[in-house]
*Asks:* 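Pasting a structure here, questions to come.
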There are 2 protein chains.
Amino acid sequence: MDAHAAEDPKGFEKVFAFLREQLLDGTLKPGDRLIAERELAVQLGVSRPIVREALRALHMLGIVEIRDRIGTIVKRPDISMLKDFFALALAQQADLIDDVMEARIAIECQAIRLACERAMIADFERLQRALVRIGATIDEAEAGSLADYDFHRAIVLASRSQTLAVLHDSMSTLLARSHRSRRELVQMFGSMKTYLIEDHRRVFDAIVARDPDRAEVTLRRHFAIGDEYRRRAALGDGDRGEPTTG
Amino acid sequence: MDAHAAEDPKGFEKVFAFLREQLLDGTLKPGDRLIAERELAVQLGVSRPIVREALRALHMLGIVEIRDRIGTIVKRPDISMLKDFFALALAQQADLIDDVMEARIAIECQAIRLACERAMIADFERLQRALVRIGATIDEAEAGSLADYDFHRAIVLASRSQTLAVLHDSMSTLLARSHRSRRELVQMFGSMKTYLIEDHRRVFDAIVARDPDRAEVTLRRHFAIGDEYRRRAALGDGDRGEPTTG
DNA sequence: TCATCGTATTGGTCTGACCAGAACAAAAAA
DNA sequence: TTTTTTGTTCTGGTCAGACCAATACGATGA
C-alpha cells in the first residue's frame, strides 16, 4: 500500500488539515467526539503516532480535549492555552520583566474599568478579603506577596473578562519571581507598609464607588509608586518616606 | 518495565515539563539546538513518539522550530502559530470577540501612553502614513480596513514594548475578520467617514503632543464611538449623524 | 588544496504490540 | 422483571524496533 493516492500534505500536516477543515466548516462542533485514533489513522493512511501528534497539537491549541480511554472531544476553545504559550514565549525575552509589567498594567487598568461596571457582591467580597490579608501579612514576604497577588487577581476577575483573566494570569506567573524579591523591599522601607495598605484600600474604594476614571488613575499611581520604591532600592537608598509620583 | 522510578508526571507531560523547565529558566535560549529526539527519549525514559508529541506541542506554541534532518532549535517565539488557534477558536465561539476586543483596548491604551513617552521620528512617520492612507482609502472596505489596522498597529509599535506588540498582534489577527465586516458600516453611515478620519487625527495629535492622558482618553472615546456605530448598525438604524459618547 | 565519497546522525514515519480503564451488552442472580 | 455480575470490546497511553531520506562532517582520493 504505497497509497499515496493522497496528495500534497504529508503525515502530520495531512491529519491536522483534515481535522481543521471539519472544525472550521462546522462538521465538528463543540461536544462532538471525533473518530478514534486508530480509525483516523486508517482513514488518512497514516500511522497512529502521527495522528496522536495532530491531536496533541489541537489539544495544545485548546480546541480539543483528549480524555483517557474515552475519546477525543471537541471543546469550546479556551484561551487558557495561552498560559503555556505566554509563559514560554515571554520567558525568552531578556528584559521582559519591565516589558511584561507594562502589559500587566495595561490589563489591570482595563480590568479595573470593567470591574467598576460589572463587579458583583462576590467580587467585592474577594477584594475585601484580599485587602484584609494584605494588612495581616504585611510583615511576611511570602504570604504578603500572595495576598498582594490575590488582590490584583480579584480586580481582574471582577472584570468578568476571560481574555483579560488569562492574559493577566500568564503574566503574573512570569512576574511571580520578581515579585517575591521585590517584596523584600518591605523590610527595607518602613513607609512602604503604609503605602501597601493605604494604596490598595484606595483602589478598593474606587471600585466600590464604581468610578472607572478614579479607579484607573489610582491604580496607575499605585504601580508608579511601587516602581519608585523599586528604583530607590536599586539605588540602595534608605527610607525617606513615601515617594511622590511625578 | 516498572520504571516509574519517578512517579511524577508521565509520558508526554514529563517530556513537556522537562523542556518547559529549561526554556523558562534560560537553560535553553533562542538559537539553541536541543538534544536529539532519540537521546531525549532515552534520557527521560520514554518512547520517541512521546518525545515527538512534546516537540510538536512546543512547535504549535511557536516556541520551537523542527527542522527536518537538522534538529529541533529554540526560536524567538512567534505568535503566528496562534493564528491556527484564533481561526479555530473564532469558528466556534463568536462571542469571544467582545471579550478579546476589551483586551485589545487595554493593550492599546497602555501602548499609547508609552508611545507618548517613547515615540521616535520613525514612529510618527509611520502613524502619519497610516493616517494619510485612512483618508485615501475611506471608500474601500478592504484597503481601508488595512489602513485602520496599520494605524493602530503603529501606536503599539511606538510604545516600544515587545510584549504589548505580541499581544496586540495576536488579538488583531482574531479581530481581523470582524473588523472587515464592521468596516462595511462605512458604506452605511456617511458620518462615519468623518469620524474615522477626524478621530484618528485627534489620536495622532495627542501622541505628537506627547500627552498620555489626552491620548488615552481620545483613544478610548474613539473605540466607544466605533462601538456605538456598530450598535446602531445592529439595530438597522440609518445615519443620524455622529454618535456621542455617553 | 580541493573535490568526492561515506558514514553517522537526525527528523519523519510505519508496524504491531501491550496495558488499563470505560462502555456496553449479555448472562446470571435476585 | 429487575438487578447484579461478568465479559468482551473500544479507547487512549505507551512502547519497541525498524526503515527512509537527507544532512553534516570527516575521511579519502584527485
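Basis for what follows: all heavy atoms, side chains included, without hydrogens, waters or symmetry-related copies. Throughout, a chain's letter reflects where its sequence line sits, starting with A, and its residues are numbered from 1.
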*Asks:* Ignoring the backbone of Arg38(A), work out which of dT11(D), dT23(D), dG12(C) is nearest its side chain.
*Replies:* dT11(D)
*Asks:* Taking atom P of dA22(D) as reference, at what distance in whole Å does atom CD1 of Ile70(B) sit?
*Replies:*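 Answer to the nearest Å: 13 Å.
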*Asks:* Between Val46(B) and Glu39(A), which has a closest nucleotide on DNA chain D that is more 5'?
*Replies:*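 Looking at the nearest nucleotide for each, Glu39(A) comes out on the 5' side.
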*Asks:* Can you tell whether the side chains of Lys75(B) and Glu65(B) come within less than 4.0 Å, N to carboxylate O?
*Replies:* no
*Asks:* Rounded off to whole Å, could you give me the CZ-to-P distance for the Arg69(B) and dT10(C) pair?
*Replies:*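 Between P of dT10(C) and CZ of Arg69(B): 14 Å.
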*Asks:* How close or far is atom P of dT13(C) from atom CD of Glu37(B), stated in whole angstroms?
*Replies:* 10 Å
*Asks:* Heavy-atom count around Gln43(B) CD within 6.0 Å, excluding the residue itself: above 12?
*Replies:*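 Result for CD/Gln43(B): enclosed.
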*Asks:* Taking OP1 and OP2 of dT10(C), is either one under 4.0 Å from a side-chain nitrogen or oxygen of Thr72(B)?
*Replies:* no
*Asks:* Classify the angle between the aromatic ring planes of His168(B) and Tyr149(B) as parallel (below 30°), tilted (30 to 60°) or perpendicular (above 60°).
*Replies:* parallel
*Asks:* From CD1 of Ile66(A) over to C1' of dA22(C), roughly how many Å is that when rounded to an integer?
*Replies:* 17 Å
*Asks:* What is the separation between atom CZ on Arg67(A) and atom P on dG21(C), rounded to the nearest whole Å?
*Replies:*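 Rounding to the nearest Å, CZ of Arg67(A) and P of dG21(C) are 17 Å apart.
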*Asks:* Are Arg220(B) and Gln110(A) linked by a side-chain donor-acceptor pair shorter than 3.5 Å?
*Replies:* yes
*Asks:* Expressed in angstrom and rounded to an integer, what is the separation of Ile35(B) atom CD1 from dG11(C) atom P?
*Replies:* 10 Å
*Asks:* What is the separation between atom CG on Asp68(B) and atom P on dA24(D), rounded to the nearest whole Å?
*Replies:* 11 Å
*Asks:* Between P on dG12(C) and CZ on Phe16(A), what's the gap in Å once rounded to a whole number?
*Replies:* 16 Å
*Asks:* Flag the pair Arg160(B) and Asp123(B) as a salt bridge only when some basic side-chain nitrogen lies within less than 4.0 angstrom of an acidic carboxylate oxygen.
*Replies:*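 Yes, this pair counts.
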*Asks:* Nearest 0.5 Å, please: how far is CD1 in Ile63(A) from CG in Leu19(A)?
*Replies:*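 Between atom CG of Leu19(A) and atom CD1 of Ile63(A) there are 11.5 Å.
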*Asks:* Can you name the salt bridge (Lys or Arg N to Asp or Glu O under 4.0 Å) partners of Arg20(B), sequence neighbours left out?
*Replies:*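 Partners of Arg20(B) under the salt bridge (Lys or Arg N to Asp or Glu O under 4.0 Å) test: Asp84(A), Glu13(B).
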*Asks:* Among residues 47-58 of chain A, which ones have heavy-atom contacts with DNA chain C below 4.0 Å?
*Replies:*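 Contacts with DNA chain C under 4.0 Å: Ser47(A), Arg48(A), Pro49(A), Ile50(A).
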